[in-house]
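All remarks here apply to the structure that follows.
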Amino acid sequence: MKKLNLATLALTGMLAMAACKNEDSAATEETKESLAVAPTSATDPSISAATPQGQPVAEVPTGPLTTINFAETTFDFGDVDDGETVTHLYKFTNTGKEPLVIKDAKGSCGCTVPKWPKTPIPPGEDGEIQVEFNSKGKSGKQTKRVTINANTDPAQTFLTISGNVIGKTPAPGDAQKAAQ
């Protein structure tokens with residue numbers, strides 16, 4: 001009787017394992033099918049993609065492309081005291097044959113804020129992007145970048161603002177107050 005119970009138990013175990021393998025292979029086939037038809041960022045621009053390092057990939061612009069030409073893409077504001085705000089206007093021209101649409105502009109950190117035209121810039125017309133850098137809490141050499149996404153080729157253009165932030169020197173009485 002023990003042999004029959006052991007044999008039944010072994011047979012039940014083998015049947016269960018076989019059923020699990022069939023379910024696993026069915027699930028694997030289902031996964032393969034869903035991957036085969038799943039849209040990617042290359043086929044569907046509404047899906048954002050990322051590199052293996054987690055950095056966002058520029059969305060491919062849809063519609064007609066144009067070109068943008070900046071008078072300058074870098075600005076050095078020199079020396080400023082900690083807490084000062086620096087503002088610079090980057091002037092550009094739509095040098096293409098289609099209206100220029102700036103979809104987005106982002107600073108590399110919260111201390112760098114761009115403001116850009118929200119309406120299309122006609123071919124041959126000029127525009128400007130204002131970049132504001134707040135030096136509060138920053139000290140030493142600073143280099144910040146603004147990434148512009150537009151219907152241009154390439155889709156991203158980069159502006160750089162840099163300079164040196166001089167930390168505040170405490171007043172003679174401040175050092176004693178801080179020590180207490």
Side-chain angles (χ1 to χ4, degrees), residues 30-169:
E30 191 175 298
T31 302
K32 284 180 189 175
E33 286 176 23
S34 68
L35 287 175
V37 296
T40 66
S41 60
T43 58
D44 185 350
S46 67
I47 296 175
S48 63
T51 64
Q53 295 81 20
Q55 298 297 316
V57 175
E59 287 185 27
V60 178
T62 58
L65 299 181
T66 192
T67 54
I68 188 171
N69 184 30
F70 279 89
E72 63 179 342
T73 56
T74 61
F75 174 71
D76 187 337
F77 56 80
D79 291 339
V80 297
D81 290 327
D82 181 356
E84 282 186 56
T85 298
V86 177
T87 301
H88 185 70
L89 293 177
Y90 292 87
K91 297 181 182 202
F92 65 85
T93 302
N94 177 356
T95 54
K97 296 180 181 179
E98 299 295 332
L100 170 67
V101 178
I102 299 176
K103 181 178 181 180
D104 190 26
K106 291 186 180 181
S108 55
C109 74
C111 63
T112 307
V113 180
K115 293 179 184 169
W116 66 95
K118 306 297 191 259
T119 57
I121 307 296
E125 295 293 316
D126 297 329
E128 55 190 32
I129 295 177
Q130 177 182 309
V131 176
E132 190 174 276
F133 168 71
N134 183 346
S135 69
K136 184 177 181 183
K138 310 286 183 199
S139 64
K141 181 73 177 152
Q142 300 293 314
T143 300
K144 304 301 178 186
R145 187 157 122 165
V146 173
T147 303
I148 300 162
N149 293 302
N151 64 327
T152 55
D153 185 22
Q156 291 185 326
T157 305
F158 304 100
L159 304 175
T160 304
I161 189 167
S162 62
N164 185 43
V165 179
I166 300 167
K168 291 186 177 177
T169 306

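Residue indices begin at 1 and follow the sequence shown. For the numbers below, each heavy atom of this structure counts, side chains included, while hydrogens, waters and symmetry mates do not. The model shown is predicted, which means the values in this text are computed figures rather than measured ones.
Side-chain atoms of Asn151 never come within 3.5 Å of backbone atoms of Thr66 as a donor-acceptor pair (strictly under, hydrogens ignored). Remark: the backbone N or O of Glu132 is not paired with any side-chain donor or acceptor of Thr87 at under 3.5 angstrom. No donor-acceptor pair under 3.5 Å is formed between the side chain of Ser162 and the backbone N or O of Thr143. Listed for the Ser135 side chain is a donor-acceptor partner under 3.5 Å among the backbone atoms of Glu84.
Side-chain atoms of Thr67 and Thr152, non-hydrogen and from C-beta on, never get closer than 4.5 Å to each other. You'll find the side chain of Ser108 stays beyond 4.5 Å of the side chain of Phe158, heavy atoms only. Side-chain contact between Ile148 and Trp116: absent, with no pair of heavy atoms (C-beta onward) separated by less than 4.5 Å. Here the side chains of Phe92 and Ile121 are in contact, with some heavy-atom distance below 4.5 Å.
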request  = Start with the C-alpha distance between Phe133 and Val165, add both sets of side-chain angles, then the distance that settles side-chain contact (heavy atoms from CB on, under 4.5 Å), and finish with yes or no.
outcome  = CA-CA 11 Å; Phe133 168 71; Val165 179; 4.0 Å; yes
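Rounding to the nearest 0.5 angstrom, the gap separating the CD atom in Gln142 from the SG atom in Cys109 is 8.0 Å. How far OG1 of Thr160 is from NZ of Lys144: 11.5 Å, rounded to the nearest 0.5 Å. Taken from CG in Asp79 to CD1 in Ile166, the straight-line distance is 4.0 Å, to the nearest 0.5 Å. Expressed to the nearest 0.5 Å, how far CD1 of Ile68 lies from CD1 of Ile129 amounts to 5.5 Å. To the nearest 0.5 Å, atoms CG (Leu89) and CD (Glu72) are separated by 9.5 Å.
When all heavy atoms of Glu98 and Asn94 are compared, the closest pair comes out as O-ND2, 2.8 Å. Of all heavy-atom pairs spanning Pro114 and Gly107, the tightest one is CD-N, 3.9 Å. Taking each heavy atom of Gly124 and Thr93 in turn, the nearest pair found is O-CG2, 4.0 Å. Minimum interatomic distance between Gly96 and Pro123 (heavy atoms only, all atoms of both residues): O-CB, 3.3 Å. Closest approach of Leu100 and Ala150 over heavy atoms only: CD1-CB, 4.0 Å. Contact record, Pro117 with Glu128: CD-O, 3.4 Å, taken as the closest heavy-atom pair.
Atom NZ of Lys141 has more than 12 neighbouring heavy atoms from other residues, nucleotides or ligands inside a 6.0 Å radius.
Using cut-offs of 30° and 60° on the angle between ring planes, the pair Phe75 and Phe77 is tilted.
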